[in-house]
Every structure is written in C-alpha cells, then in structure tokens.
Peer 1: 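One structure coming up, written as structure tokens, with questions to follow.
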Amino acid sequence: MAQGMGRYAGEVQLIGLTHHHPGAAAAAVSGVDLTVAPGAALALVGPAGAGKTTVLRLVAGLCAPSEGHVLLGGAEAADLPAARRHVAAVFGHYSLFPFLDVAANVAFGLRGGALGSRARALATPSGQAVAARRVREALELVRLGDYARRRPPQLSPAHQQRVAIARALVLRPRVLVLDEPLGTVDDEDLRVRLAADLRTLHRQLGVTLLYATRSAGEASAVADRVAVLSDGRLLLEAEPAEDAAARPRDEDPAAADEQPDAGRRMLATTDTPEAGAPAA
Ligand SMILES: Nc1ncnc2c1ncn2[C@@H]1O[C@H](COP(=O)(O)OP(=O)(O)OP(=O)(O)O)[C@@H](O)[C@H]1O
C-alpha cells in the first residue's frame, strides 16, 4: 500500500481572519478563529456566499487577509507566497486536460508550486525519473495506480476528482484544501458515500484537510470537526455528531444564544440552504 503523508501534515490556525473583497459592501469573512491540528480534517459548512471559498483562498495564499492572521505550522503566513506554503488546493472544477492521460495530468502539478523553481532540474533525465516516481506515488495514494494511461473523459467523476487530488498531492503538501469537491453530485446519499470514501483516503494520507461544502451530511461524513459559517462569521464549531457540547463562538451573550442555535439547525438539516443547486 502507498505510504501515508502524515509526516508532512501541518497545523493551520486562523486568528481573527477577516477579508473584504475589493469593492464589496460587506466582509466575505469576518473575525474567524479556528485551529486545525496536524493531520486533522475540518469541514467548513454553510450556504452559498457564507465565506467558505474565501477562507480556503486565504489559507492557500491566493488572497491576503484584510485583518487577522493565517498561521501555518505555527508561523505567520502573510509573507509566504502560495507556492511556498505547502498548501495544495483543488477548487470546484477539476480543470483536467482531456487530451493528456492521467499521469501527464498529475505530472502537470509538478510545474507549479514549490517545485516550479526546480523546473530545470526536472527537465534532466534524473529529474524526469524523480517526477515519474512522484506521479506514481500520488496515483497510488489515491488508488489510481492502474489508471495512469487513461484519459479524463474515460473516467467517472469520482475518479476524475481523485486525479485532481493526485495532482495536488504530487507536491507533497502539508495541507490539502478541497472546495466543494462533490458540488456537482446531486444525489445526497451518493455525496455522503463519496465523502466517507474521501475520509478514508484522508486518514491514509495523514495530510491536514480543509474541506468546504454546503452539505451538512457531507461535512459530517468527511471531517473530524465541522465549522458552520454564515455571512462570513463562524457560528459554531463542533464534532460532527456532537451538537450539545458545541462551543459558542461569539462573545456577545445575546448573539451567543442565537448563533450556535442557527449553526445547530444548519447541522441538523441534510443540506444547508441553497445546497440543492450544483456548484457553479
Ligand atoms: N472576487 C470577489 N469580489 C467580490 N465579492 C466576492 C468575490 N468573491 C466572493 N465574493 C463575495 O464574498 C462572499 C463570500 O463568498 P465565498 O465564495 O467565499 O462564499 P462560499 O461560502 O464559498 O459560497 P459558495 O458555496 O457559493 O461557493 C459572498 O458574498 C460573495 O458574493
């Protein structure tokens, strides 16, 4: 069996994380405090526009906080460009090249990120051997070792998603960020089954996982902890099956009574509002 990547897992800490998109009237993310332990899986769950993607983009270094901090492995990430964060992200569409086979799609991941600076080394024969080994390792990790010569259109959506994950894992990230990876799967039961499959995969990888979804069922199936977001604010953080012990996230007593209840209601429903629609 392929080796896990646990030795690479990194802690993610968000402190007072706030982001205003340029020109937007309201903050997309507002004062979010969260810690994800090395190797743990956290699902961000909330309706469309809750701020999930923005949090993931802030962690991946694709945009910068207006206020607050992202700490990776205990270190401030503000000055770290995306390519040096050891964070790999898969956003919505998998963006696979249909005319390249699976191995070539995964190898494409090596062109970006931290290894981009080693492009010349990878172009040498020994560099190519290293790249081929990395690609094989990544495909084995997602259990697609036998699919290297297939092309994406020949694969099921679930397998295509695994190719996209392998392309992220080829850089051996410490943190894996998945944004609504099952957003195009309409059937809730199937989504929950696929999410459980991703949970198994995550446990084998040992990488720290941040996972955004509008589906409470999917969030519970994939993650050790679930954070409910609404209007950019963290309403509730809880273990998936736990709600009674969930911690209030707001210092204002009135809001603290109200907000965790709203969060619990969201977790108690199969989907958060507007979750029926496929991801844009
Ligand atoms: N580039 C942008 N410019 C301006 N506003 C933006 C931009 N991207 C997102 N927003 C706004 O920020 C808020 C949070 O959006 P975000 O995409 O983070 O939410 P989300 O929870 O991921 O939603 P979805 O489930 O639809 O992906 C929304 O009000 C959205 O309209």
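Whatever order the structure lists them in is the order used to number ligands and atoms, beginning at 1.
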Peer 1: Hey, which of V222, L182, T213 is the one that makes side-chain contact (heavy atoms from CB on, under 4.5 Å) with R191?
Peer 2: L182

Peer 1: Taking all heavy atoms of A168 and all of V90, pick out the closest pair and write down the distance.
Peer 2: CB-CG2, 3.9 Å

Peer 1: Select all protein residues for which some heavy-atom-to-ligand 1 distance is less than 4.0 Å, and list them by chain and number.
Peer 2: H21, A28, P47, A48, G49, A50, G51, K52, T53, T54, E180, R214

Peer 1: Quick check: are there more than 12 heavy atoms from other residues, nucleotides or ligands sitting under 6.0 Å from CG of D224?
Peer 2: yes

Peer 1: Which residue is it: V226, L198, L42, L176? I am looking for the one with a side-chain contact (heavy atoms from CB on, under 4.5 Å) to Y211.
Peer 2: L198

Peer 1: Does one hydrophobic cluster hold both L205 and Y147, with members joined at side-chain heavy-atom distances below 4.5 Å?
Peer 2: yes

Peer 1: Applying the 4.5 Å side-chain criterion to the ILVMFWY set and letting contacts propagate, would L62 and L229 be lumped into a single cluster?
Peer 2: yes

